[in-house]
Chemist: 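A single structure is presented below for examination.
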Amino acid sequence: MLIPRTVTTTKTATETRTTTPPRPSSLRTAAESKGLLVGAAALTAPQLSMDYRYAEALSREFNFITPENAMKWGPIDGWGFGPADDIVDYAAAHQMKVKGHALIWAATLTPDERPGPSWVNDQLPADQFRQAVQDHIRSEVGHFKGRIYAWDVVNEAVDANGLRNTVFLKKLGENYIAEAFRLTHETDPDALLFYNDYGTEEVNDKSNRVYELVKGLLDKGVPIHGVGLQMHVNASSYPDSQSIAANVRRLAALGLKVNISEMDVRIRDLPGDLAGKLQVQQQVYHDIISACVKEPGFIGVTFWGITDVHSWINDAYINNQPLGPDKPLLFDENYQPKPAYYGAMNALLGK
Ligand code: XIL
């Protein structure tokens with residue numbers, strides 16, 4: 001009696017395995033099965049150690065980390081390297097790659113366009129400003145040398161008309177971008193160097209300017225290896241996947257790597273109930289990532305956080321308008337995967 005029953009059970013299990021492959025146990029497993037990176041922006045050490053679920057999810061689900069703030073010039077100037085070192089150590093302990101973010105950034109989020117520390121400002125004479133920028137790159141890139149897979153060297157330097165009129169452009173002239181890439185490369189020749197921006201996902205006026213910028217850099221022999229598309233999107237008016245794919249394709253045709261560097265999908269403005277909004281969010285995550293993974297130059301996607309609770313969207317303002325509160329990420333407040341998680345996973349798997 002026992003023997004036939006055992007045989008039947010085994011057969012059924014085998015049949016099930018061949019018809020429905022088991023779902024990967026994590027985004028990381030899914031991405032690694034396709035040779036892709038899947039990343040998250042990471043908060044600093046207090047968050048890493050305060051809630052075991054945070055640190056546990058970070059290394060289980062992701063193979064790539066971008067420090068959300070700890071490597072920006074302002075925080076480095078104020079806190080020193082300690083908090084960023086903790087993230088880099090965590091990554092090494094869990095066999096994860098790190099994207100350094102972001103060496104040169106005149107935040108669109110700060111009204112006075114400060115690039116970082118308050119002492120580096122418009123009032124500084126140009127030679128001292130240049131010296132400060134060079135010291136900053138040498139010291140930060142030098143500190144992390146050998147531990148950083150890729151740097152966002154310059155972040156958000158372009159608008160639809162050309163180079164944004166930032167304090168860097170005003171003080172250093174338009175060559176500042178090439179100078180920053182050259183100095184970063186000289187300081188850590190093994191790191192891949194990226195230009196990163198928002199609103200440049202689709203083929204549009206702004207992404208045309210980015211294309212011209214990076215092509216111009218390559219033509220001049222400047223060391224640049226990739227472009228990051230931030231992908232902070234609103235599910236009620238999100239970029240077209242085919243247009244994103246075309247943009248990735250033209251950048252890859254220049255020999256550049258492309259990654260989605262800061263993805264989140266806001267759902268607050270969608271009509272309907274929460275369950276419906278979460279379904280739309282799943283679709284948006286799926287369609288955008290799916291269009292990109294089909295492009296050979298695409299190396300992977302980073303989400304701008306893990307759980308909705310910590311998302312920057314909840315506190316962010318653009319043009320004095322609050323962006324949140326919202327639920328833009330893959331995990332809910334209890335670290336449970338949302339429908340969006342499965343949308344992203346299927347896209348990574350090419351489904
Ligand atoms: C955001 C962080 O998430 C916030 O915590 C911080 O207060 C402001 O910066 N584009 C970028 C990121 O390149 O560095 C920004 O991160 C989000 C927009």
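First listed ligand is number 1; within each ligand, the first listed atom is number 1.
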Chemist: In ligand 1, which numbered atoms sit nearer than 4.0 Å to a non-hydrogen atom of Glu262?
Modeler: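 Listed by number with element: 10 (N), 11 (C), 12 (C), 13 (O), 17 (C), 18 (C).
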Chemist: Who are the salt bridge (charged side-chain N to carboxylate O under 4.0 Å, His left out) partners of Glu32, not counting sequence neighbours?
Modeler: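 With neighbours one apart ignored, the set is Arg28.
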Chemist: For ligand 1 and His101, I'd like to know whether there is a polar contact (N/O to N/O, distance under 3.5 Å).
Modeler: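 Among all N and O atoms of His101, at least one is under 3.5 Å from an N or O of ligand 1.
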Chemist: With a 6.0 Å cut-off on the ring centroids, do His232 and Trp312 count as close?
Modeler: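 Yes.
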Chemist: Would you name the heavy atoms of Glu61 and Leu27 that are closest together and state the gap between them?
Modeler: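 Heavy atoms of Glu61 and Leu27 come nearest at OE1-N, 2.9 Å.
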Chemist: For residues 157-183, which residue pairs pass the salt bridge (charged side-chain N to carboxylate O under 4.0 Å, His left out) check, not counting sequence neighbours?
Modeler: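 Residue pairs passing salt bridge (charged side-chain N to carboxylate O under 4.0 Å, His left out), neighbours aside: Glu113-Arg164, Arg130-Glu179.
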Chemist: Please classify the Asp152 to ligand 1 contact at 4.0 Å (heavy-atom distances, strictly less than): side chain, backbone, both or neither.
Modeler: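 For Asp152, no heavy atom sits under 4.0 Å from ligand 1.
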Chemist: If you take the centroid of each ring, where Trp contributes its six-membered ring, are Tyr54 and His310 closer together than 6.0 Å?
Modeler: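 Yes - the distance between ring centres of His310 and Tyr54 falls below the 6.0 Å cut-off.
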Chemist: State the atoms of ligand 1, each with its element, that fall below the 4.0 Å cut-off from a heavy-atom position in Glu156.
Modeler: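 That gives atoms 10 (N), 11 (C), 13 (O) of ligand 1.
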Chemist: Going by heavy-atom distance to atom 15 (C) of ligand 1, choose the closest among His232, His310, Lys72, Glu68.
Modeler: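 Ranked by closest heavy atom to atom 15 (C) of ligand 1, first place is Lys72.
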Chemist: Is the distance between the ring centroids of His185 and Phe181 less than 6.0 Å?
Modeler: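 Here the rings of Phe181 and His185 have centres that are no less than 6.0 Å from each other.
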Chemist: Which ligand 1 atoms, with their elements, are less than 4.0 angstrom from a heavy-atom of Gln230?
Modeler: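 Checking each atom against Gln230, I get 10 (N), 11 (C), 13 (O), 18 (C).
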Chemist: Ring centroid separation for Tyr342 and Tyr285, is it under 6.0 angstrom?
Modeler: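 Between Tyr285 and Tyr342, which both carry aromatic rings, the centre distance is not below 6.0 Å.
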Chemist: At under 4.0 Å between heavy atoms, which part of Asn69 makes contact with ligand 1: side chain, backbone, both or neither?
Modeler: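 Looking at Asn69 and ligand 1, just side chain atoms fall under 4.0 Å.
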Chemist: What do we get for Trp304 next to ligand 1 when only non-hydrogen atoms under 4.0 Å count, side chain, backbone, both or neither?
Modeler: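 The answer is the side chain.
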Chemist: With atoms numbered from 1 as shown, which atoms in ligand 1 lie under 4.0 angstrom from a non-hydrogen atom of Asn155?
Modeler: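 Those qualifying, in numeric order: 11 (C), 13 (O).
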Chemist: Non-hydrogen atoms of Trp105 versus ligand 1: any pair closer than 4.0 Å?
Modeler: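 In this structure, Trp105 qualifies as a contact of ligand 1 - some heavy atom is under 4.0 Å.
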Chemist: Counting only nitrogen or oxygen atoms and a 3.5 angstrom limit, does Trp312 reach ligand 1?
Modeler: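 Checking ligand 1 against Trp312, no N or O pair falls under 3.5 Å apart.
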Chemist: Return yes if a side-chain donor-acceptor contact under 3.5 Å exists between Thr29 and Ser26, otherwise no.
Modeler: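 A donor-acceptor contact under 3.5 Å links the two side chains.
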